Amino acid sequence: MQKNFKMIQNRTFTMIKPDAVANGHIGGILEKITAAGFKIIAMKYSQLSLRDAQAFYAVHSERPFFGELVEFMSSGPIVAAILEKDNAVEDFRALIGATNPEEAAEGTIRKIYATSIGENAVHGSDSDENAAIEGAFHFAGKEIF
Ligand code: UDP
Ligand code: MG
């Protein structure tokens, strides 16, 4: 890491995935997010191309579920957002719950809204570094408030 470079620690990146959008859960999920104390500092309704999804999930390209994942993530519109809160990355992962909704804790977004391990309603960054990379993938500086 560069000297004098201060990693932003109070932001995370999320997507409401195509399953949750199609099932009418945008409002319910945004309500859970804001009620938990996250401030929305950027938000966009869009659709990933297959190429966009392959680039966004490049870290998973060798995993057996990659093809299914990128096809699903480009299958319909998503809501992308950057969220701000103290300890954002960890607190947001706690709010969304485990990747597999069957293992997600009661009250978590995935427990309530996900349908399967693949179609699991929301994305949440797993580190401050990835939050910055993923936010920059979807938003220009002037779209972040
Ligand atoms: N995924 C899947 N099958 C698996 C594991 C993951 O389809 O066995 C999908 C799922 O949509 C998940 C995404 O790939 O959210 C990224 O996987 P990761 O392990 O990073 O889970 P997450 O960080 O989203 O909880
Ligand atoms: Mg992940």
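A quick note: this is a predicted structure, and the numbers were derived from the prediction, not measured. Both ligands and their constituent atoms are indexed starting at 1 by order of listing.
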Indicate if Ile78 and Leu83 have the same hydrophobic cluster label, given that clusters are the connected sets of ILVMFWY residues with side-chain heavy-atom separations under 4.5 angstrom. no
In the protein, what heavy atom is nearest to atom 10 (C) of ligand 1, and what distance, to one decimal place, separates them? Ile117 O, 3.2 Å
Is the closest basic N to carboxylate O distance between Asp91 and Lys85 below 4.0 Å? yes
Hey, is His60 one of the residues with a heavy atom under 4.0 angstrom from ligand 1? yes
Nearest-contact summary for atom 7 (O) of ligand 1 - protein heavy atom, Å: Gly118 CA, 3.3 Å
For Glu119 and ligand 1, answer yes if some heavy atom of the residue is under 4.0 Å from a ligand atom, otherwise no. no
Shortest protein contact, atom 13 (C) of ligand 1 (heavy atom only): Leu69 CD1, 3.9 Å
Nearest neighbour in protein (non-hydrogen) for atom 25 (O) of ligand 1: Thr99 OG1, 2.5 Å
Just by distance, with hydrogens left out, do Asn120 and Lys17 show a side-chain donor and acceptor under 3.5 Å apart? yes
Determine whether the side chain, the backbone, both or neither of Lys17 has a heavy atom under 4.0 Å from any heavy atom of ligand 1. side chain
How close do Ala88 and Thr12 get, counting heavy atoms only, and between which atoms? CB-N, 3.8 Å
Can you tell whether the side chains of Lys44 and Glu143 come within less than 4.0 Å, N to carboxylate O? yes
Nearest heavy atom to atom 6 (C) of ligand 1 wins, so pick from Phe65, Phe72, Tyr57. Phe65
To which protein heavy atom is atom 24 (O) of ligand 1 closest, and what is the distance rounded to 0.1 Å? Arg110 NH2, 3.0 Å
Evaluate the side-chain proximity of Phe38 to Leu95: yes if any heavy-atom separation is below 4.5 Å, no if none is. yes
Atom 12 (C) of ligand 1: nearest protein contact (heavy atom, Å): Asn120 ND2, 3.6 Å
If I compare all heavy atoms of Arg110 with all of Pro101, which pair ends up nearest, and what's the gap? O-CB, 3.6 Å
Please determine whether any non-hydrogen atom of Arg93 lies less than 4.0 Å from an atom of ligand 1. yes
The ring pair (Phe, Tyr, Trp, His ring centres under 6.0 Å) partner of His123 among Phe137, Phe92, Phe56, Phe72 is Phe56
Indicate, as side chain, backbone, both or neither, the part of Met15 found under 4.0 angstrom from ligand 1 when only non-hydrogen atoms are considered. neither
